[in-house]
Amino acid sequence: MIEDEIKPWLLSIEPISGESLSHFLGRFRRQNHLSCSALGQLAGIGGVIARWEKFYHNPFPSDAELMALGKLLNVDLSTLRMMLPTLGDGMMCSPIRLCGACYVESPYHRLEWQYRSTGGCDRHQLRLLSKCRNCDAKLSIPALWEDGCCTRCKLPFGAMVKWQKSY
Ligand SMILES: [Zn+2]
Ligand SMILES: [Zn+2]
């Protein structure tokens, strides 16, 4: 691992409160034009980034991996930990879920949508969507939510609120 080497060409971005690591890593990679493998290589943590972006957290990200990544991203360990489930908490890697009403207010994927125990959005009293109801496509992983719409039919996530039942 390369220690304390400054990477001045990398642009930092601010994590958003409640944002999932997958969504944050996607934003960071696009900003810096990095592939998953390039980011893992720069951080010295190998090929884990692509798995983490898919919510595959087994084996669970170690402090050492997260600190190496955080140094590169300019984000501290506790902030990265908050973008991940607490070890042992039930998390679904599939389907990716969405509250369209939340997305309209602030366009990012919330970690809490992936908890098994989350039945709906408490803020809007709406059930979460687990696919695009317009074309039946699965929602892509949050790391790829660049355009904020269904990858197949291009319906904006915010417009999907009409299919969310009250909760
Ligand atoms: Zn909501
Ligand atoms: Zn669609």
Side-chain angles (χ1 to χ4, degrees), residues 11-39 48-58 60-61 66 69-70 73-167:
L11 296 168
S12 309
I13 56 166
E14 235 5 80
I16 312 163
S17 172
E19 184 178 16
S20 64
L21 184 64
S22 173
H23 192 269
F24 178 68
L25 289 177
R27 289 200 297 131
F28 182 86
R29 290 197 300 97
R30 280 192 296 278
Q31 171 97 346
N32 288 286
H33 307 284
L34 291 170
S35 65
C36 287
S37 53
L39 178 57
V48 294
I49 301 293
R51 289 198 288 116
W52 293 354
E53 289 189 359
K54 294 186 182 92
F55 292 86
Y56 297 164
H57 299 139
N58 191 10
F60 202 72
L66 291 176
L69 181 64
L73 270 52
N74 198 20
V75 176
D76 61 28
L77 177 63
S78 61
T79 305
L80 282 176
R81 280 255 170 254
M82 286 202 305
M83 291 189 252
L84 284 161
T86 311
L87 186 55
D89 274 348
M91 168 100 355
M92 300 187 300
C93 45
S94 172
I96 296 299
R97 301 198 296 179
L98 164 77
C99 172
C102 281
Y103 198 84
V104 166
E105 287 172 10
S106 191
Y108 66 96
H109 177 264
R110 277 67 161 173
L111 175 66
E112 63 176 44
W113 293 340
Q114 296 310 122
Y115 282 107
R116 279 184 205 289
S117 55
T118 301
C121 171
D122 288 336
R123 181 177 171 79
H124 297 104
Q125 305 290 304
L126 293 170
R127 293 205 173 277
L128 299 177
L129 294 166
S130 51
K131 62 178 178 180
C132 171
R133 298 283 283 277
N134 191 44
C135 76
D136 253 11
K138 286 205 287 189
L139 301 176
S140 54
I141 58 167
L144 305 178
W145 284 14
E146 183 176 12
D147 302 322
C149 65
C150 171
T151 45
R152 188 191 287 167
C153 73
K154 306 295 176 200
L155 188 76
F157 289 156
M160 295 183 186
V161 68
K162 64 181 172 189
W163 286 290
Q164 287 178 260
K165 297 204 175 74
S166 59
Y167 156 70

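No experiment lies behind these values; they were computed from the predicted model shown. Just so you know, ligand 1 is whichever comes first in the structure, and atom 1 is the first atom listed for that ligand.
The number of protein N, O or S atoms lying under 2.8 Å from the Zn ion (ligand 2) is 4.
By the 4.5 Å heavy-atom criterion applied to side chains, Cys132 and Phe157 are not counted as neighbours. A heavy-atom distance below 4.5 Å is not found between the side chains of Cys93 and Lys54.
The aromatic rings of Phe24 and Phe28 lie tilted to each other, with the angle between the two planes from 30° to 60°. By the 30° and 60° cut-offs, the orientation of the rings of Trp113 relative to Trp145 is tilted.
In the model, Gln114 has a side-chain atom that pairs as donor or acceptor with a side-chain atom of His109 under 3.5 Å.
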Tell me, with the steps shown, if Ser22 and Ser20 meet side chain to side chain donor-acceptor pair (under 3.5 Å). CA-CA 5 Å; Ser22 173; Ser20 64; 5.0 Å; no
Any chance you could lay out the salt bridge (charged side-chain N to carboxylate O under 4.0 Å, His left out) test for Arg27 and Glu146, step after step, and finish with the verdict? CA-CA 8 Å; Arg27 289 200 297 131; Glu146 183 176 12; over 6 Å; no
Please evaluate residues Leu69 and Trp52 with respect to the criterion side chain to side chain contact (heavy atoms under 4.5 Å, CB included), reporting the C-alpha separation (whole Å), side-chain torsions for both, the decisive distance (0.1 Å), and the verdict. CA-CA 12 Å; Leu69 181 64; Trp52 293 354; 3.8 Å; yes
Trace of the side chain to side chain contact (heavy atoms under 4.5 Å, CB included) decision for Met160 with Leu98: CA-CA 9 Å; Met160 295 183 186; Leu98 164 77; 4.0 Å; yes
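Taking a cut-off of 2.8 Å, the protein N, O or S atoms nearer than that to the Zn ion (ligand 1) are Cys99 SG, Cys102 SG, Cys121 SG, His124 ND1.
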